[in-house]
Amino acid sequence: MAVAGDRLRLWLYGRQRWLVPAVLAALTLVWLSAGRGFISSNDGSHVALARALALRHETNIAPDLGLTLGIDRARRGGVDLSDRPPGTAFAALPAVWLGAALDELLWARTTDRGALIRRPAARRFAETYVARADKLNVTTPLARYQGTALMIDLHAALLGMLGLAVVARWLGESGVATGVRVIVVLTLGLATLWGPYSTTLFSHVTSGTAWVVMAYALATPAPSLRRLALAGFAGCWAVSADYLLAVPIVLHAVLSVPPRKWIWVVLGALPIAAATLAYHQVAFGSPLSIGYDHQVVFEFARARSTTFTGDGLRGLWTYLGFGHGAGLAAQSPIVFV
């Protein structure tokens, strides 16, 4: 029995290297199975922008305006635009391009069978899409986005897996035991909002994964020039996906990198910065003009000063999770603890 036990332990030890990848693969399958395609005007607006860029090489989202549900959209000079930061759409371009190729195939099979091949959206999104179709002059049935919805779900799940894979690698290089790394990965993937956000095209996992990559690149006393450039590239992508991250991302870089090496971080950031500023110029007429400046529905969003007004204490109370069923204690208690 002792010999058999020793053999079992040796067998398990020899396969520990596969344990974290197996857990990551399992989480990806869980997120993919939980995906419902389009769930809100937020992810719909990101997809509309990605389709405009990938399929038509323009910023006009009019052909897919219905995906915004008429909410998360901007308008300038009579042209319909997404009000979302472009970094999330940039990351999703390959998935959207492949999804568009699948759309017609799945639509043809749907018409032959008389039933959906892949559910393109959550029930409430689908109901709202139909209800607002006439108002938005939408003529494209939601069922024609089945391939796009499938590839977006896959993209979100893979992006979430990438972020956790970087975390696991970082911990491994820091000497953390395999079992602990598995617990960390499972906790982040199943007990925090990382999991739900890995099922749809919101900006959170795009920016979160990019920031994790930046942090990993700088997590050494003397990062190489390659790692510095990677940190700049990833950090800038995080900001391109979520403008507010400019403050902590810049602070992170400034406090982590000696001043004489800042130039390498800046050089790494240049490609994404150039793409983002060029998008702003084409879409909104200025590199510093953003989608919120031209928001159609929410007047408060058009002025930077009114975006952050309100009761700060009430906001903090909600953020911590004690009001409106939102916030850390309500939605991610392990993070709150």
Side-chain angles (χ1 to χ4, degrees), residues 12 15-37 39 42-43 46 87-95 150-220 223 226-227 230-242 245 248-249 252-253 256 272 327-328 331-337:
L12 291 173
R15 283 155 180 77
Q16 277 190 347
R17 60 178 178 172
W18 299 107
L19 190 55
V20 172
V23 169
L24 288 170
L27 283 175
T28 303
L29 291 175
V30 169
W31 297 333
L32 185 58
S33 65
R36 294 293 179 266
I39 65 170
N42 190 323
D43 58 299
H46 285 300
T88 301
F90 289 165
L93 291 178
L150 172 61
M151 291 309 301
I152 285 301
D153 285 347
L154 179 60
H155 165 78
L158 291 176
L159 197 58
M161 182 194 70
L162 173 61
L164 294 191
V166 173
V167 170
R169 181 181 179 88
W170 185 358
L171 293 174
E173 292 180 357
S174 302
V176 176
T178 299
V180 177
R181 284 187 285 151
V182 168
I183 292 172
V184 170
V185 168
L186 286 173
T187 300
L188 288 173
L190 297 176
T192 76
L193 290 180
W194 192 278
Y197 282 133
S198 295
T199 66
T200 189
L201 196 66
F202 280 26
S203 64
H204 302 72
V205 169
T206 302
S207 57
T209 293
W211 197 352
V212 165
V213 171
M214 175 188 175
Y216 168 71
L218 297 179
T220 177
R226 181 181 300 178
R227 290 180 76 121
L230 174 61
F233 183 82
C236 191
W237 205 318
V239 174
S240 181
D242 189 340
L245 288 182
I249 288 288
H252 188 162
S256 303
I272 298 299
L328 294 179
Q331 296 177 301
S332 191
I334 197 164
V335 175
F336 174 79
V337 172

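Numbering starts at 1 and runs along the sequence shown. Here the structure is a predicted model, which means the values were calculated and not measured.
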Do you know the tightest heavy-atom contact between Thr88 and Ala241?
OG1-CB, 3.7 Å

Please name the pair of heavy atoms, one in Trp170 and one in Val212, separated by the smallest distance, quoted to 0.1 Å.
CZ3-O, 4.5 Å

Pairwise side-chain contact, His204 with Trp194, heavy-atom cut-off 4.5 Å (strictly under):
no

Which heavy atom of Leu245 sits nearest a heavy atom of Ser207, and at what distance?
CD1-CB, 3.6 Å

Take Leu201 and His155 through the side-chain contact (heavy atoms from CB on, under 4.5 Å) test and state the conclusion after the steps.
CA-CA 8 Å; Leu201 196 66; His155 165 78; 3.5 Å; yes

Can you tell me how far the CG atom of Asp153 sits from the OG atom of Ser198, to the nearest 0.5 Å?
11.5 Å

Here the gap from Thr192 atom OG1 to Leu328 atom CG, rounded to the nearest 0.5 Å, amounts to 10.5 Å

Is there a side-chain contact between Tyr216 and Glu173 in this structure, where contact means two heavy atoms from C-beta onward sitting under 4.5 Å apart?
yes

Reported CG-to-OG distance for the pair Asp242 and Ser203, which is rounded to 0.5 angstrom
5.0 Å

Are the side chains of Asp43 and Ile152 in touch, meaning some heavy atoms are under 4.5 Å apart?
no

Could you go through Leu27 and Met161, starting from their C-alpha distance and side-chain angles, then the distance that decides it, and tell me whether this counts as side-chain contact (heavy atoms from CB on, under 4.5 Å)?
CA-CA 8 Å; Leu27 283 175; Met161 182 194 70; over 6 Å; no

With rounding to the nearest 0.5 angstrom, report the CG to CG distance, Leu158 to Leu32.
8.0 Å

To the closest 0.5 Å, what do you measure between CG (Leu218) and CZ (Arg227)?
8.0 Å

Test your reading of the model: is there a side-chain donor-acceptor pair from Arg226 to the backbone of Pro223, 3.5 Å cut-off?
no

Trp31 side chain near Pro196 side chain, heavy-atom distance below 4.5 Å
no

Kindly compute the distance separating CG (Leu162) from OG1 (Thr28), expressed to the nearest 0.5 Å.
10.0 Å

Determine whether Ile334 and Thr187 make a side-chain contact, defined as any pair of heavy atoms from C-beta on separated by less than 4.5 Å.
yes

Which atom pair, heavy atoms only, marks the closest approach of Trp237 to Gly87?
NE1-O, 2.9 Å

The test is side-chain contact (heavy atoms from CB on, under 4.5 Å); show your working for Leu171 and Val180 and say whether it passes.
CA-CA 9 Å; Leu171 293 174; Val180 177; over 6 Å; no

Closest non-hydrogen atoms of Gly37 and Thr200, given as atom of the first, atom of the second and distance, are O-OG1, 4.0 Å

May I have the step-by-step check of side-chain contact (heavy atoms from CB on, under 4.5 Å) for Leu159 and Thr206, ending in yes or no?
CA-CA 7 Å; Leu159 197 58; Thr206 302; 3.3 Å; yes

Going by heavy atoms in the side chains, are Val185 and Val167 under 4.5 Å from each other?
no

Which pair of non-hydrogen atoms, one from Ala89 and one from His46, has the smallest distance, and what is that distance?
CB-O, 3.9 Å

Side chains of Thr209 and Val166: closer than 4.5 Å at any heavy-atom pair?
no

Please tell me if the side chains of Val184 and Arg181 come closer than 4.5 Å, counting only heavy atoms from C-beta onward.
no

